[in-house]
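Encoded as structure tokens, the structure appears first; notes follow it.
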Amino acid sequence: MRHYLQFGRFGFNLQGTQALVMGILNVTPDSFSDAGQYQHLEFALSRAEQMILDGADIIDIGGESSRPGAPPLPLQDELQRVMPVLYALRDCGKPLSVDTYKPEVMREAILAGADMINDINGFRAPGAIDAVKDSDCALCIMHMQSVPETMQIQPQYEDVVREVIAFLHERVETMTAAGIERERLCIDPGFGFGKTVEQNYALLRATRQLRSELGLPVLAGLSRKSMIGAVTGRAVEQRLAGSLAGALAAVAQGAEIIRVHDVAETTDALKVWRMAH
């Protein structure tokens, strides 16, 4: 089973190391958790600097909200949000991920020095694979049923774990057939992207199964999501404890990258958890 992940200008040997913490930098006015806080460049850079000080291994920059019910964002709007932040941070010493499903944004981000493209659409858009295949950046393939605008309207599966694994397997095969090295790939089951609460937790419990069957590192993003709120009864801004529990559960199940809003707290929790193991 592979443990090395090629990550643009960086590379990670994931064997025997504490899970990597990916800090979320939403430069959007309408994300579900931190809407509008970091859409201005100076605030975005300050937030990124703080996450690096708090122990983030990766910064994930997103210009389009993918919360349930979110409408699509025009291409130029996304570029205007993402590119100035990417240019400003590319020498920060940490790998930079760009969260996008648009091939045009992928191309621009790679030219600007992005180290990962994190695609909620699993590189299914026409031209997406062509946009990334000749680069050396990491590629995160996520599963999503439907699209953000409608994905949480009665998601349907016969067997959510098997169907998500089958989808990810097909995408991995398609991308490697296009000449993309497996060393550049990681997978994300897509918690909250077209799944019920029960389906999300079934996938969380199956993280190790995804890891072993696909032979690729798993990225898990549960931070502050409705699957946390449904169990705890807490509003978005009160989901820190639940998010930390979710992160530790994902790592215990074999996830190697944890995508979070609360970097300092997650890093501390992982340090203590690792010492106990």
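Remark: Asp262 CG to Leu240 CG distance equals 5.0 Å, nearest 0.5 Å. Atom CZ in Phe191 sits 5.5 Å away from atom CE in Met227 (nearest 0.5 Å). Interatomic distance, Glu78 CD to Glu64 CD, rounded to the nearest 0.5 Å: 5.0 Å. The CG atom of Leu210 sits 10.5 Å away from atom NE2 of His143, with the distance rounded to the nearest 0.5 Å. The structure places CD1 of Ile165 at 8.0 Å from CG of Leu168, a figure rounded to the nearest 0.5 Å. Between Gln199 atom CD and Asp159 atom CG the span is 10.0 Å, to the nearest 0.5 Å.
Between the side chain of Thr207 and the backbone N or O of Ala255, no donor-acceptor pair lies under 3.5 Å. Counting only distance, with no hydrogens or angles, the side chain of Arg224 and the backbone of Gly242 share no donor-acceptor pair below 3.5 Å. In terms of modelled atom types and a separation under 3.5 Å, the side chain of Glu183 and the main chain of Leu185 share no donor-acceptor contact. At least one donor-acceptor pair closer than 3.5 Å links the side chain of Lys195 to the backbone N or O of Gly190. The backbone N or O of Leu216 sits nowhere less than 3.5 Å from a side-chain atom of Arg182 that would complete a donor-acceptor pair. Lys94 places no side-chain N or O within donor-acceptor distance of the main-chain N or O of Ile52, the cut-off being under 3.5 Å. When atom types are taken as modelled, the side chain of Arg211 and the backbone of Val218 share no donor-acceptor pair closer than 3.5 angstrom.
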- Please assess Arg171 against Asp119 for the test salt bridge (charged side-chain N to carboxylate O under 4.0 Å, His left out), listing each intermediate value before the final yes or no. CA-CA 12 Å; Arg171 296 315 299 154; Asp119 183 1; over 6 Å; no
- Check step by step if side chain to side chain contact (heavy atoms under 4.5 Å, CB included) holds for Ile110 and Arg107. CA-CA 5 Å; Ile110 289 168; Arg107 289 185 187 278; over 6 Å; no
- Could you please spell out the steps behind the salt bridge (charged side-chain N to carboxylate O under 4.0 Å, His left out) verdict for Glu108 and Lys102? CA-CA 10 Å; Glu108 293 295 323; Lys102 296 186 179 74; over 6 Å; no
- Residues Ser243, His261; criterion side chain to side chain contact (heavy atoms under 4.5 Å, CB included); working and verdict: CA-CA 9 Å; Ser243 296; His261 298 87; over 6 Å; no
- Message: Between Phe193 and Asp188, is the side chain to side chain contact (heavy atoms under 4.5 Å, CB included) condition met? List the steps.
- Response: CA-CA 11 Å; Phe193 284 82; Asp188 180 346; over 6 Å; no
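In this structure, Ala250 and Leu222 approach most closely via the heavy-atom pair CB-CD1, 4.1 Å. The minimum heavy-atom distance linking Ala178 with Ile129 is given by the pair CB-CG2, 3.6 Å. Closest non-hydrogen pair, Asn121 versus Ala125, comes out as ND2-N, 3.5 Å. In plain terms, the two heavy atoms of Ala202 and Val160 that are nearest each other are CB-CG1, 4.0 Å. Of all heavy-atom pairs between Cys186 and Ile257, the closest is SG-CD1, 4.5 Å. Across Ile120 and Met144, no two heavy atoms sit closer than the pair O-CB, 3.5 Å.
By the neighbour-count criterion of 12 heavy atoms within 6.0 Å, atom CZ of Arg234 is sparsely surrounded, having that number or fewer from other residues, nucleotides or ligands.
Within the 4.5 Å cutoff, no side-chain heavy atoms of Phe123 are placed close to those of Thr174. In this structure the side chain of Thr266 never reaches within 4.5 angstrom of the side chain of Arg259, judged on heavy atoms. Here the side chains of Met83 and Tyr87 are in contact, with some heavy-atom distance below 4.5 Å. Side-chain contact check for Glu213 versus His169: every heavy-atom pair is 4.5 Å or farther apart. At a threshold of 4.5 Å between non-hydrogen side-chain atoms, the residues Cys140 and Met116 count as touching. Considering only heavy atoms from C-beta on, Arg81 comes within 4.5 Å of Thr28 through its side chain. With a 4.5 Å cut-off on side-chain heavy atoms, Ile58 and Phe12 count as touching. Side-chain contact between Arg184 and Cys137 is present, with at least one heavy-atom pair separated by less than 4.5 Å.
A continuous path of Ile, Leu, Val, Met, Phe, Trp and Tyr side chains, each step under 4.5 Å between heavy atoms, connects Phe10 with Leu219, placing both in one hydrophobic cluster. A continuous path of hydrophobic side-chain contacts links Val82 to Leu41 [ILVMFWY only; heavy atoms under 4.5 Å]. Linking Ile, Leu, Val, Met, Phe, Trp and Tyr whenever their side-chain heavy atoms come within less than 4.5 Å leaves Val251 and Leu244 in two separate clusters. The same ILVMFWY cluster, assembled from side-chain heavy atoms under 4.5 Å apart, contains both Leu75 and Leu86. When the side chains of ILVMFWY residues are joined at heavy-atom separations under 4.5 Å, either directly or via intervening members, Leu204 and Val21 end up in a single hydrophobic cluster.
Only one option out of Asp54, Asp268, Asp57, Ile258 pairs with Val263 in a side-chain contact (heavy atoms from CB on, under 4.5 Å); it is Asp54.
Taking a cutoff of 4.0 Å between a charged side-chain nitrogen and a carboxylate oxygen, Glu170 and Arg124 do not qualify as a salt bridge.
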